[in-house]
2 protein chains.
Amino acid sequence: MASPRRLGAPDAKNRTVLIDAAEQLMLEEGYAAVTARRVAARAGLKHQLVHYYFRAMDDLLLAVFRRRAEQGLERQAQALASGQPLRALWQHSTDTRDTTLVMEFMGLANTREAIRSEIARYAERSRVAQVEALAGLFAEGRLTSDACSPEVLTVLLTSVSRVMIMEQALGMTIGHAETAAFVERWLRRLEREP
Amino acid sequence: MASPRRLGAPDAKNRTVLIDAAEQLMLEEGYAAVTARRVAARAGLKHQLVHYYFRAMDDLLLAVFRRRAEQGLERQAQALASGQPLRALWQHSTDTRDTTLVMEFMGLANTREAIRSEIARYAERSRVAQVEALAGLFAEGRLTSDACSPEVLTVLLTSVSRVMIMEQALGMTIGHAETAAFVERWLRRLEREP
DNA sequence: GTCTATAATCAGATAGAC
DNA sequence: GTCTATCTGATTATAGAC
């Protein structure tokens, strides 16, 4: 065979511990801080174990991304199925940790093709789910708008929440309160009868 | 004195050449690719020259940022002073290169405090200029809106352009055409009389 | 599954000659 | 202003013992 190298079991406890540590590091210090040594140190393990569980560092990064992305899709589905789907969606998309991680992975996507395609795949799944759910609500008459299609609605909500969270991380908040209030008013109007 | 180390003149030609190379690298491969050796190689110089012109790599990154940011503020001012300020602003904020660079620097901001505060400073200047210009246009009656304040307008436009450009880089375009059309309609309506 | 040991590479930065 | 040479430390990854 080509590769005689051993790899740890997919369900091993320390595998999860390493993914946790990598996620924390990424969140606090950005993807450049996610090195085998730093991840292992945070997990209380030797750095060689990172290579035992993950063939390459990119595989660890992908594992972090996939876990978060799956959780995100699930929670999004719950929000869209709730009584006030729009406001639940808005609340979900303003999660700081999720957004920060997504932004880090988008930065990584420049150089690592495997990560780029994975992000694109999940982002499309997420958007399609949103569009379909919103289209359903429009069809049922639970949402009404003269100007705004489901596609536009999802793009706008995603954009505003992402950028506001990024700016918050910078310590910049000019216009945020006004914009949040504007979005709330807008969502409330959409969720009412015409 | 504390530092006997020599530093190249601020206006030296090779200083500019290095900033150019760093900017290109950052754009094409992300901030992690901006190492002294890679920058020098792209500039056709020895890597030690990077350290001769920049005390530390962060200073090079800051130089890249400042140059772009100054250009950006200038072009934004021109857009806001033009005949169709809103659409000029929108066109300016959908510049792919500028946005990609800003995103890279936002990623860097996690770890490097000096860069974080510099970005925040410029971002605030940019937003304040936009808000003031738009407020002036509202006051003159050249813009009209029942629901949307200048603050909200700037945050929305910035958000949508940034996120659409980031998603484009991923190869993801669901809802982009519809959203662009929506924004165009909206801006046209704002620029008309009530 | 975890360890020690090691290889090979790359990074930022500085000293000193020219 | 640019060069050679070098230091120091970090990185990913692998081999092989236990």
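Every chain is numbered from 1, with letters handed out A, B, ... down the list of sequences. It should be emphasised that the depicted structure is a prediction, and the values quoted were computed from it without experimental measurement.
In this structure, A/N14 reaches the C/dT2 phosphate: one of its side-chain N or O atoms is under 4.0 Å from OP1 or OP2. When the side-chain nitrogen and oxygen atoms of B/H51 are compared with OP1 and OP2 of C/dG12, none of them lie within a distance under 4.0 Å. In this structure, B/Y53 reaches the D/dT2 phosphate: one of its side-chain N or O atoms is under 4.0 Å from OP1 or OP2.
For the pair A/R38 CZ and D/dT11 P, the computed distance is 8 Å after rounding to whole Å. To the nearest angstrom, C1' of D/dA13 lies 13 Å from CG of A/D58. Rounded to an integer number of Å, the gap from A/D59 CG to D/dA13 C1' is 13 Å. Here the C1' atom of nucleotide D/dA10 and the CE atom of B/M57 are 16 Å apart, to the nearest Å. One interatomic measurement links the two molecules: CG of B/L60 to P of C/dG12, which rounds to 10 Å at whole-angstrom precision.
Summarising the geometry of B/L18 relative to B/Y53, their closest heavy-atom pair is CD1-CD1, 3.8 Å, with the distance given to 0.1 Å. A/E29 approaches A/A33 most closely through the heavy-atom pair CB-CB, 3.6 Å.
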Hey, mind stepping through A/Q168 and A/H176 against side-chain hydrogen bond (donor to acceptor under 3.5 Å, both in side chains) and telling me if it holds?
CA-CA 9 Å; A/Q168 246 176 336; A/H176 285 198; 5.3 Å; no
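Residues passing the side-chain hydrogen bond (donor to acceptor under 3.5 Å, both in side chains) test with A/Q76, sequence neighbours excluded: A/S126, A/Q130.
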What is the per-nucleotide protein-contact pattern of nucleotides 3-8 of chain C, from the 5' end, where B denotes a base atom under 4.0 Å from a protein heavy atom, S denotes such proximity for sugar-phosphate atoms only, and - denotes neither?
SBB---
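When the nucleotides C/dG12, D/dA13, D/dT11 are ranked by their closest atom to the side chain of A/A56, D/dA13 comes out on top.
Note on A/F54: nothing from the nucleic acid sits closer than 4.0 angstrom, heavy atoms only.
Salt-bridge annotation for A/R42 and A/E28: present, with a side-chain N of the basic residue lying under 4.0 Å from a carboxylate O of the acidic one.
At least one test fails for B/R15 against the ring of B/Y52: distance under 6.0 Å to the centre or angle within 45° of the axis.
When side chains are defined from C-beta on, B/I115 does not count as touching B/Y31, because their heavy atoms never get closer than 4.5 Å.
One distance of note links CG of B/N14 with CD1 of B/I19; it measures 11.0 Å at 0.5 Å rounding.
Within residues 17-30 of chain A, no residue has any heavy atom closer than 4.0 Å to DNA chain C.
Summarising the local packing, CD of B/Q91 is surrounded by 12 or fewer heavy atoms from other residues, nucleotides or ligands at distances under 6.0 Å.
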